[in-house]
Protein chains: 6
Amino acid sequence: MAVVTLLSDDEMSAEARAVLDDIRAVRGSDFINNFWRALAHDPALLAATWARLKDVMAPGALDPLVKEMLYVAVSTANACSYCIHSHTAAARAKGMSEAQYGELLAVIGMAMQTNGLVTAMQVPVDEAFRS
Amino acid sequence: MAVVTLLSDDEMSAEARAVLDDIRAVRGSDFINNFWRALAHDPALLAATWARLKDVMAPGALDPLVKEMLYVAVSTANACSYCIHSHTAAARAKGMSEAQYGELLAVIGMAMQTNGLVTAMQVPVDEAFRS
Amino acid sequence: MAVVTLLSDDEMSAEARAVLDDIRAVRGSDFINNFWRALAHDPALLAATWARLKDVMAPGALDPLVKEMLYVAVSTANACSYCIHSHTAAARAKGMSEAQYGELLAVIGMAMQTNGLVTAMQVPVDEAFRS
Amino acid sequence: MAVVTLLSDDEMSAEARAVLDDIRAVRGSDFINNFWRALAHDPALLAATWARLKDVMAPGALDPLVKEMLYVAVSTANACSYCIHSHTAAARAKGMSEAQYGELLAVIGMAMQTNGLVTAMQVPVDEAFRS
Amino acid sequence: MAVVTLLSDDEMSAEARAVLDDIRAVRGSDFINNFWRALAHDPALLAATWARLKDVMAPGALDPLVKEMLYVAVSTANACSYCIHSHTAAARAKGMSEAQYGELLAVIGMAMQTNGLVTAMQVPVDEAFRS
Amino acid sequence: MAVVTLLSDDEMSAEARAVLDDIRAVRGSDFINNFWRALAHDPALLAATWARLKDVMAPGALDPLVKEMLYVAVSTANACSYCIHSHTAAARAKGMSEAQYGELLAVIGMAMQTNGLVTAMQVPVDEAFRS
């Protein structure tokens, strides 16, 4: 149902294939998910997106699992079905337990709910919350 | 700029005031932020919202700081200014470092970006991501 | 904070002023809210928007108060601060009680919450719900 | 396409099954839609969500049909496909006529349109609309 | 998966069929996409929507191709799958090159990203940007 | 009302200041808008965001003015007030006429409206629109 075709390794440019090779090397897996095969139509966009993603999602001050859960949270509020599937799978691959997943869902639901209440009432920001 | 007034303790019902007393007790602080004073017009809605929030945001399988960051992530995607202010303040109060905040921002920005790319291209979900 | 100026009656074209005259006549009030003064820079867009709004919000199979509450619900999910202010005021002017407003808030909050849960879990649509 | 499996009655915990029994009793129907079977992985979240939904959607100051239409409005702005299907079906089951449905659509479309216009122009809120 | 059926020419009212005849005439094609067959249940809504769309998307100060790309941009941020499919197809039919499509995607991704960063940090508007 | 402070040139790191110098050089102006002063708390995020923005918004297959209008369209659907202000100002600086602005608004409003109608009716994608 994509509006672009998914390119096989043979159908893409050498520049795009080099990005896929780096994805495989960094992830230690031969599997390439559809997002990258769709982006491969534009090798420069593919390269820039992967370079940034690799950097942002690497271990740092936040745990990679926390980063995947944050990704699921944003993607849910944006109703990005593909992103929810891929980052929920990534969170599970990084060890998300069923209890953690249940709490992730509960926080998302709670945040959506109070986002709605606060926005509907147009509550003014407390002075105490300003930097 | 609210579409409802903010009720002082004296202006609200006894039922609403009892909820505020519980908020103060649980948080160990006398400060009550505007959200609750706006909700106090409807004591039943106030009570249900607080009861659920108290439960969802308590320590569990996820760290309370992680929960606050998830809350900021959802609230950002929903453009809830008040919620972003209050939960960023809460995350800082729970120890969020500048480095953690920078990574939170970077993940939000990355997720928004790929949400847009994936949605614009309508990338089909990989079989590997389905439960 | 607008990115366009608000035009006074004297600053706008005759075509725009004629639309404002119709707004005043239909509403039985001299007051013109800022939205129309901002749109007046483009008299054709102003005229088309008002003509459609007048038609859509008129009494029909749904009560005008119900229509205003639906407007608040959509505007909240879209985080349109101005629209929430203006349509909450319109709902009150059309008789929305405090109890009705409380239930409107509760339904918005509930819908936001289950929107988040359903989307996060990517629940497949039941056969029973398909037309 | 869910990221969680849908649990049959036999696969879920006794606590979850008790919630489903209450759903059946309240609705006077044996049919359980997928949302609850997905939530059943987390019995506490299932119980809290159903308890709140039952309360919020019950007859009150607003008619249950109006509540279902509000639910559709929010779910549309949030692009929640499942929620749109289930609450449109619920609205029809509660007697929504074709004329009412047409007006619901028209109001949603109108609100989306003026949300866009107002937000793009960043129209400042009129003093008259502030509480 | 629609919540409404799609009406064939024979199943719709004469008023609705007249709108479809105009769509065919304006577009110089017999093909009618599903959106109009779904809207045909409400001939007045169908007529109003088509009349406005025909006017808005016609050549003017902006090129029709630019208008289609703007439509894709809005529809992506709103996660409207159908709209993304139909307006990407329309943009291609109006001559959008692969290079233009790649830049459209890149701008959408960039805008989503900085929308997230700006909103998360709640950056105040510069005086220089106010009208 | 930011949740971060805005750093003056003197308060930021040398790495951040070097990015601002490049912004000034590329834009041929001493003015630095608040977004960059907020991002300057995290020099790496600042540098990555600017490097990408500079590349994406440069002249290419799409005109820089068209890119600014696309940015406004996405930012409106995401309700990013700051982004709407800054990119509307940028579009005007790049020559957007009042007539073009009026059509930009009209397309945004139209897209929002049909996004709502299509999503509410859950119209299935036509075979003709699939790649």
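The basis for the numbers below is simple: all heavy atoms, side chains too, and nothing from hydrogens, waters or symmetry mates. Here is the naming used below: chain letters follow the sequence lines, and residue numbers restart at 1 for every chain.
Residue-level contacts of residues 63-80 of chain D with chain A, in order of numbering, are D:Asn78, D:Ala79; threshold 4.5 Å between heavy atoms.
In terms of the side chain to side chain donor-acceptor pair (under 3.5 Å) criterion, residue partners of A:Thr5 (sequence neighbours excluded) are, by chain and number, A:His41. Here D:Ser8 pairs with D:Glu11 under the side chain to side chain donor-acceptor pair (under 3.5 Å) rule; sequence neighbours left out. Annotation: side chain to side chain donor-acceptor pair (under 3.5 Å) contacts of D:Tyr82 (sequence neighbours excluded): C:Asp126, D:Asn33.
Within the 4.5 Å cutoff, the side chain of A:Arg24 has heavy atoms near those of the A:Leu20 side chain. With contacts defined as side-chain heavy-atom distances shorter than 4.5 Å, the pair A:Trp36/A:Val19 does not qualify. Within the 4.5 Å cutoff, the side chain of D:Phe31 has no heavy atoms near those of the D:Ile23 side chain.
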